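The next block holds one structure in the form of C-alpha cells; read it before the comments.
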Amino acid sequence: MTLAEVKQGQNVKICRIPDEIIRAQAIRFGVCEGTVVRCTEKLPAGPVVIAKGMQELAVGRKLAERITVREAS
C-alpha cells in the first residue's frame, strides 16, 4: 500500500522511498525506510500529515502515492 492510502490515525512502517533526493530530504526530518509513523491528518486532494514523536510532516499527495508502507505491528 502507499502512504496516500493510509487512514487517519493508522500507524505504518515506511518500506520504500523510491527517489534518492526525496529519501535524503526525509532523512533530514528523521524519516527513513524502516521508520514507524502515524497518519495524523489527510486533507482532501491535499497532503498527508504524518507524525513521528512530537514532529509532524506534511507529505504532498503525489509524493505520498510513491512511498510504499505497510501496517506497523
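Every value quoted in this text rests on a predicted model; they were computed, and no experiment measured them.
Taking 4.5 Å as the limit, some side-chain heavy atom of Glu71 sits within range of a side-chain heavy atom of Gln10.
For residues 41-68, the pairs satisfying side-chain hydrogen bond (donor to acceptor under 3.5 Å, both in side chains) are Thr40-Glu56, with sequence neighbours left out. The stretch residues 20-33 participates, sequence neighbours left out, in these salt bridge (charged side-chain N to carboxylate O under 4.0 Å, His left out) pairs: Arg23-Glu33.
Counting heavy atoms of neighbouring residues, nucleotides and ligands inside a 6.0 Å radius, atom CD1 of Ile21 does not exceed 12 of them.
Taking the side-chain contact (heavy atoms from CB on, under 4.5 Å) definition, one finds that Ala24 meets it with nothing, sequence neighbours left out. Taking the side-chain contact (heavy atoms from CB on, under 4.5 Å) definition, one finds that Thr2 meets it with Ala4, Glu5, sequence neighbours left out. Pro44 is linked by a side-chain contact (heavy atoms from CB on, under 4.5 Å) to nothing, counting only residues two or more places apart in sequence or in another chain.
Within the hydrophobic cluster formed by Ile, Leu, Val, Met, Phe, Trp and Tyr side chains joined at under 4.5 Å, directly or through other members, Val12 is accompanied by Met1, Leu3, Val6, Ile14, Ile17, Ile22, Phe29, Val31, Val37, Val48, Ile50, Leu57, Val59, Leu63, Ile67, Val69.
Across all non-hydrogen atoms, the minimal contact from Ala72 to Val36 is CB-CG1, 3.8 Å.
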